[in-house]
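This report refers to the structure that appears directly beneath it.
Any value given below was found using the heavy atoms of this structure, including those in side chains, with hydrogens, waters and symmetry copies removed. Letters A, B, ... mirror the listed sequences (proteins, then strands); counts begin at 1.
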2 protein chains.
Amino acid sequence: MRIGEAARHSGVSAKMIRHYESIGLLAPAARRDNTYRDFDIRDVHDLAFIRRARDLGFSIEEIGRLLALWRDRDRPSREVKEIASAHIAEMEARIARMQEMVATLRHLAECCAGDERPDCPILSGLAGIDADAPGNSHPRQPDHADQRADQR
Amino acid sequence: MRIGEAARHSGVSAKMIRHYESIGLLAPAARRDNTYRDFDIRDVHDLAFIRRARDLGFSIEEIGRLLALWRDRDRPSREVKEIASAHIAEMEARIARMQEMVATLRHLAECCAGDERPDCPILSGLAGIDADAPGNSHPRQPDHADQRADQR
DNA sequence: ATAAACCCTCCCATCATGGGAAGGTCAAGC
DNA sequence: GCTTGACCTTCCCATGATGGGAGGGTTTAT
């Protein structure tokens, strides 16, 4: 089948199929008449595998390793689980960071009237005025410089 | 002060300061001797504002709007709150998507022995074998094609 | 024969950030 | 005076995953 059909059956766009081939995630597809790519069922299975792994947030690099293990009948499931566990931990860390951001921002937003008046705790917070600090009602010098939050 | 000092005081790298200027997020900095940029306290305040907004996950585009509102003494706090609320909603949606991925993957990983044997529910799951489906113990044809999950 | 629906390869854009090259400036120390 | 080192400048390239689109070729059905 041609790339469009393979795309439809696998849920991976033709654009991405070519891309995965170009970066070596997939072996170069067979060619018909030396121009059009020619896919069979197994290729579609590979693509659907990739698609599902992407849907679970795995990076291309991780998917490459998962594909290799999938093809290796003698793999130890330990190796698969290690990749999955590391990925879970990574996602949970990202979730935690985002939840912190949401909590901080929600707190600021709750204190904001959100009306026609200009006073705004959200802007004050971004400007470095810590409304929660005891006895602190004036701007603080930006004396922070190195605490990289490592977010996103 | 020169860019390095402004970077140290604001927590924004020199590289990014130049970048923010080049994309118009910040007005072009003053120049000394027609070559080096020259920053004052207010510039550093702006940079620290940007830095905090980035730490809360705002995009550059959102930060541009927040900066404009910050500088406008007559802003309605409503507008600020709208931006913040939309951003909170966006982050929560992303968190929810990631939590779904984690839940799915954790489930697969829990069923995986993680030892030297090759049997692996994680790989089976990625290959499209739905272990949870009742009476389903053989591979499923990849008959999905259009349900874009809109994740990440 | 022509139109529609495919396919091909390339290049560019996104978003935020960093690396690094090639070169200019300035202050301190010899 | 001259070197050294620590700055600064601009410009280009890379990341990761994905899409857009140009310019051109092929196949198939009417």
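When the P atom of dT17(C) is taken as reference, atom CD of E21(B) falls 16 Å away, rounded to whole Å. For the pair L47(B) CG and dT17(C) P, the computed distance is 13 Å after rounding to whole Å. Computed from coordinates, the M1(B) CE to dC26(C) P distance equals 19 Å when rounded to whole Å. In this entry the distance linking CZ of R31(A) with C1' of dT26(D) reads 14 Å, nearest Å. To the nearest angstrom, P of dC10(C) lies 15 Å from NE2 of H19(A). We find that CD1 of I50(A) is positioned 10 Å from P of dT18(D), with the value rounded to whole Å. The distance between atom CD1 of I23(B) and atom C1' of dA16(C), rounded to the nearest whole Å, is 9 Å. Distance CD1 (I17(A)) to C1' (dT18(D)): 14 Å, rounded to an integer number of Å.
If you check the side chains of E82(A) and S85(A), you find no donor sitting under 3.5 Å from an acceptor.
Listed nucleotides dC8(D), dA16(C), dC8(C) differ in distance to I60(B); the shortest reach to its side chain belongs to dA16(C). Distance from the side chain of Y20(A) is smallest to dT18(D) among dT17(C), dT9(D), dT18(D). Taking the side chain of K15(A) as heavy atoms from C-beta on, and the options dA17(D), dG19(D), dC7(D), the nearest nucleotide is dG19(D). Nearest nucleotide to the R18(A) side chain, out of dT9(C), dG19(D), dT9(D): dT9(C). Checked against dT25(C), dC8(C), dT17(C), the side chain of Y36(B) finds its nearest nucleotide in dT25(C).
Residue R32(A) has no polar side-chain atom (N or O) positioned under 4.0 Å from OP1 or OP2 of dC6(C). Contact between the side-chain N/O atoms of S13(A) and the OP1/OP2 oxygens of dT18(D) is not found at any separation under 4.0 Å. Close to dT9(D), at under 4.0 Å from its OP1 or OP2, lies a side-chain N or O of R37(B). OP1 or OP2 of dT25(C) has not a single side-chain nitrogen or oxygen of R2(B) nearer than 4.0 Å.
Remark: R97(B) does not engage E92(B) in a salt bridge, criterion side-chain N to carboxylate O under 4.0 Å. At a threshold of 4.0 Å, the pair D119(B)-R117(B) does not count as salt-bridged, since none of the basic side-chain nitrogens sits closer than that to a carboxylate oxygen.
The residue among S59(B) and G4(A) whose nearest nucleotide of DNA chain C lies closer to the 5′ end is G4(A). Both T35(B) and D33(A) sit near DNA chain D, but only T35(B) has its closest nucleotide nearer the 5' end.
In terms of heavy atoms, M91(A) sits closest to L56(A) at CE-O, 3.6 Å. Between L66(B) and L126(A), the shortest heavy-atom contact is CD1-CD1, 3.9 Å.
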